[in-house]
Amino acid sequence: MELNHTHDASVKSWLASANEPGTDFPIQNLPFGVFRRKGSDEAFRGGVAIGDQIVDLAAVAATPVLEGLPQLAAQACAGTTLNDFLAMGSVAWRALRHALFDALRHGAKSDLVGALHGCMLPQAEAEHAVPTRIANYTDFYTSIHHARNVGRVMRPDDPLTPNFQWLPIAYHGRASSVVVSGTPFHRPMGQAMPPGATAPVYGPCARLDYELELGFYVGPGNAMGEPIPLEQAEDHIFGMCLLNDWSARDHQFWEMAPLGPFLGKNFCTSVSPWIVTMEALAPYRVPFAHPADEPQPLAYLDTAANRAQGGVDVQLEVLLDTATHRARGVAPDRLSATSFRHQYWTLAQMVTQHTVGGCNLQSGDLLGTGTISGPTAPEAGAIVELSRGGTVAIDLPGTGEQRRFLEDGDSVILRGWCEKPGAARIGFGRCQGEILPVK
Ligand code: MN
C-alpha cells in the first residue's frame with residue numbers, strides 16, 4: 001500500500017468545509033456510502049463525503065465530468081448499494097478516488113468545479129442506509145486484551161482459550177439485523193441463567209452491552225474451494241467502518257456453550273454510514289508482531305508485508321449519551337478510548353483464515369474485527385469489561401449517573417479517526433444507536 005498524491009497533506013479543496021481543522025472528511029479521505037435526501041422517498045445511491053457535503057455519484061455519472069474507468073466506477077455507485085462497485089476491485093476504486101480528488105482539489109479545472117457543485121447535498125440534509133447488500137456477516141474476536149478481560153468474567157481460572165494465539169477466532173453472525181447508524185432497537189427478550197439459580201428465566205435482557213469494533217467490507221470475492229492467500233488478502237478488502245456489536249451478556253453467556261453466540265448477538269448490529277477506503281488509510285499502516293515470547297503465526301498467516309504494515313492505527317472512542325444527558329443538554333460522557341493498532345491479528349489474516357478451508361467470501365460481505373480493547377483497563381471496548389462483569393459501577397460525570405450495563409434510553413456513540421504528524425487527519429464519522437424499551 002504505497003502513498004501517492006492523494007495522501008499529500010498540503011492539498012486543500014475548493015470546498016471550504018473540507019479544509020476545516022478537525023473535519024473527518026478532508027480531501028485526503030473521500031469515504032463511500034449510500035444516501036438520499038432526508039425524509040424523501042428518493043432511491044438511495046452512492047456518495048462520497050467531503051467536508052460537510054456529499055458528492056452524489058449517481059448525479060456525477062449522469063454528467064460528462066468523468067470518462068473511462070472512473071466513469072464506469074461512478075456508474076457502479078449509482079444504484080441503491082455499493083456491491084457492484086466493490087466487486088470491481090482496487091484498480092477501479094483507485095481510479096474513481098483519484099478522479100474525484102483531482103476534481104475536488106483547489107485549482108481543479110473550472111468546468112469540473114462547476115459540474116461537481118451541481119452534484120452535492122449537505123450531509124445535514126441526508127439520510128443513510130447500510131452501504132452494501134450484506135449477504136454474509138462474520139464477527140472475529142481478535143483483541144487479546146478483550147479476550148482476557150471477558151475470559152476473566154466467564155472462566156476466572158483460564159481466561160484465554162488455547163486457540164486464541166494461533167488463529168483469528170470468529171463466529172458467523174446475522175446479516176439481516178445489521179442497521180445503519182441512527183437506527184434505534186428494542187431491548188431483546190431471551191433466556192438467562194441468573195447466578196445461583198437452578199432453572200433459567202425468560203425475560204428482558206438485564207445485561208445489555210455494546211462492543212467497540214471496526215468492520216471491513218469485502219471487495220472482489222473468491223470462488224468456493226479457492227482460499228485467499230495472505231499475500232493477496234488486502235486486494236479483497238475495500239475499506240473500514242465503525243461497528244457496534246450490541247450484546248445481551250446474560251443471554252449470551254447462558255446460550256453459547258458449546259456453540260457460539262446466537263440470540264445474545266443477533267438482535268442488532270450497527271454500522272457507520274461511511275466506508276473509509278484502505279487507500280485512504282495507507283498513511284496509517286503500522287507493523288504487526290506477536291510478542292517474542294508468544295506463539296508466532298503459522299506460515300500461512302505470515303508474510304513480510306503483513307509484519308511490516310499489517311496493522312492500522314485507528315484511534316477510537318466510546319461515548320454514552322443517556323436520556324438524562326439529552327434532557328439536561330449535557331455533552332455525552334466518554335467511556336473509553338483506544339487504538340486498533342493493539343489488535344492481535346490483522347485484517348489480512350482474518351480474510352485468509354476465513355477462506356483457508358474453502359469458504360467463499362462475496363462482494364459486500366461485512367467482517368467485524370471483534371471488540372477492540374487496548375492493553376490498559378480504561379481502554380476496554382465493552383461495558384462488561386469496564387464494570388468487571390457488572391460488579392463495579394461506572395460513574396458518568398456529566399449527569400452524576402452510574403452504569404453497570406446499558407439502560408433504556410441510553411445512546412452509544414462510537415467515533416474513530418487517524419492522525420499523525422505529516423499526514424492529513426481523516427475520520428470515520430460516528431456510529432450511534434439508542435436502546436428502546438423491550439417490546
Ligand atoms: Mn463482537
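Order of listing sets the numbers, starting from 1, for every ligand and every atom in it. All of these numbers come straight from a predicted model, not from anything done at the bench. Values below: all heavy atoms of this structure, side chains included; hydrogens, waters and symmetry mates excluded.
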Basic-acidic side-chain contact under 4.0 Å: R152, E385: no
query: Are there any protein N/O/S atoms under 2.8 Å from the Mn ion (ligand 1), and if so, which?
result: D139 OD2, E211 OE1, E213 OE2, D245 OD2
message: Give me each pair satisfying salt bridge (Lys or Arg N to Asp or Glu O under 4.0 Å) with a member in residues 178-199, each pair once, sequence neighbours excluded.
response: R187-D408
query: Is the shortest heavy-atom distance from the side chain of V276 to the side chain of N29 under 4.5 Å?
result: yes
message: Is the ring pair Y344/H290 parallel, tilted or perpendicular, if the boundaries are 30 and 60 degrees?
response: parallel
- prompt: Are E125 and K38 within salt-bridge range, i.e. N to O under 4.0 Å?
  reply: no
field: Side chains of L320 and D410 in contact at under 4.5 Å (non-hydrogen atoms)
entry: yes
